Novice: 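Sharing a structure with you now.
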Amino acid sequence: EAGVAQSPRYKIIEKRQSVAFWCNPISGHATLYWYQQILGQGPKLLIQFQNNGVVDDSQLPKDRFSAERLKGVDSTLKIQPAKLEDSAVYLCASSLTGQGVDEQFFGPGTRLTVL
Amino acid sequence: SQQGEEDPQALSIQEGENATMNCSYKTSINNLQWYRQNSGRGLVHLILIRSNEREKHSGRLRVTLDTSKKSSSLLITASRAADTASYFCATGTFNDYKLSFGAGTTVTVRA
């Protein structure tokens, strides 16, 4: 079974630039998550999709971050404009049902450096 | 805010020894999960324990849950170099479907 795919793996940009990350979840998984993991911390949920609808985006900085899940499959997360404090690893995860007791499967992450 | 807090923050042990780490949380939970993260990689699910369970085993892993103390422990027996990683607890609550992760315990297994 193929895992969660993410690209790019690494990205370096200057502050105020834009960046986009892509995620392809495990086939058949209804729920997709985007997390931000700052160095030395645990993952923080940014947004959760159930199929193509948003379940929770309470911790997404909506003035600069946006995300969409096309046709309930792939997802993109965009930052525009980026700030220095956005430097982090962005993790995508998926789960079968998202009922809260599911195991989450994580992709390798995208390491973003904002200069 | 992060629901779970792991203790200790870092742990260094000799290969073959056991490693124990703890997780404390604040609110009532539906389940608690443990994940491992190797350097530069995504997280891997290790074990899930539900709020009505007290202990669970998976290979060399043993997880306990004490809901009265709002705490959990992860024991890795007979550690190996490949166990070197960060370990995170994540809690799921009754009110929503999301997981809240702690800051993790970094385990180093010395050969």
Side-chain angles (χ1 to χ4, degrees), chain A residues 2-7 9-10 21 23-26 29-51 53-60 88-113, chain B residues 1-10 21 23-53 56 58 61 63 65 74 85-106:
Chain A
V4 176
Q6 288 188 249
S7 68
R9 290 294 312 276
Y10 305 92
F21 313 126
C23 173
N24 181 237
I26 291 173
H29 279 195
T31 307
L32 185 148
Y33 314 80
W34 282 103
Y35 290 90
Q36 180 192 59
Q37 186 177 23
I38 292 172
L39 187 65
Q41 299 182 19
K44 181 183 86 171
L45 180 69
L46 292 176
I47 188 166
Q48 177 179 341
F49 292 94
Q50 183 83 11
N51 297 310
V54 175
V55 173
D56 187 331
D57 63 356
S58 57
Q59 298 195 87
L60 186 74
V89 176
Y90 290 84
L91 296 164
C92 178
S94 69
S95 66
L96 190 59
T97 67
Q99 294 294 317
V101 292
D102 277 3
E103 167 185 356
Q104 293 188 18
F105 295 82
F106 283 79
T110 296
R111 184 176 298 275
L112 174 67
T113 302
Chain B
S1 63
Q2 292 178 325
Q3 156 85 307
E5 288 187 12
E6 289 90 343
D7 172 63
Q9 286 187 324
M21 60 210 85
C23 171
S24 60
Y25 56 91
K26 297 184 176 68
T27 61
S28 295
I29 62 170
N30 175 292
N31 71 92
L32 187 145
Q33 303 182 31
W34 284 91
Y35 287 80
R36 182 187 73 225
Q37 184 176 38
N38 292 92
S39 179
R41 298 196 175 183
L43 282 76
V44 174
H45 182 266
L46 296 176
I47 199 163
L48 181 153
I49 187 165
R50 300 177 195 275
S51 59
N52 61 352
E53 296 175 312
K56 233 174 166 180
S58 176
L61 305 179
V63 168
L65 179 64
L74 171 66
S86 292
Y87 292 81
F88 295 90
C89 69
T91 52
T93 63
F94 291 100
N95 296 328
D96 53 47
Y97 296 142
K98 64 186 179 186
L99 288 180
S100 296
F101 285 83
T105 293
T106 300

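Just so it is clear: chains get the letters A, B, ... in the order the sequence lines come, proteins before strands, and each one is counted from 1. Please read all numbers here as calculations on a predicted model, not as lab measurements.
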Novice: Once you round to the nearest 0.5 Å, how far does NZ of K98(B) lie from CG of L45(A)?
Specialist: 6.0 Å
Novice: Taking side chain as everything from C-beta outward and backbone as N, CA, C, O, which of these in Q104(A) sits under 4.5 Å from a heavy atom of chain B? Side chain, backbone, both or neither.
Specialist: both
Novice: Is chain A contacted by the side chain of Q9(B), its backbone, both, or neither, given a heavy-atom distance below 4.5 Å?
Specialist: neither
Novice: How close do L91(A) and G42(B) get, counting heavy atoms only, and between which atoms?
Specialist: CD2-CA, 4.2 Å
Novice: State, to 0.1 Å, how close F88(B) and G42(A) come at their nearest heavy-atom pair, and which atoms those are.
Specialist: CE2-CA, 3.5 Å
Novice: Could I get the full list of side chain to side chain contact (heavy atoms under 4.5 Å, CB included) partners for S24(B), not counting sequence neighbours?
Specialist: E5(B)
Novice: Which of these passes ring-ring contact (aromatic ring centres under 6.0 Å, His included) with Y35(B): Y35(A), F106(A), F105(A)?
Specialist: F106(A)
Novice: Which atoms of Q6(A) come close to chain B, meaning under 4.5 Å heavy atom to heavy atom: side chain ones, backbone ones, both, or neither?
Specialist: neither
Novice: Roughly how far, to the nearest 0.5 Å, is the CG atom of N31(B) from the CD atom of E103(A)?
Specialist: 11.5 Å
Novice: Mark yes or no for whether Q33(B), through its side chain, and D102(A), through its backbone, hold a donor-acceptor pair below 3.5 Å.
Specialist: yes
Novice: If I measure from the heavy atoms of chain B, does S58(A) come under 4.5 Å with its side chain, its backbone, both, or neither?
Specialist: side chain
Novice: Would you indicate whether R41(B), at its atom CZ, is surrounded by more than 12 heavy atoms from other residues, nucleotides or ligands within a distance under 6.0 Å?
Specialist: no
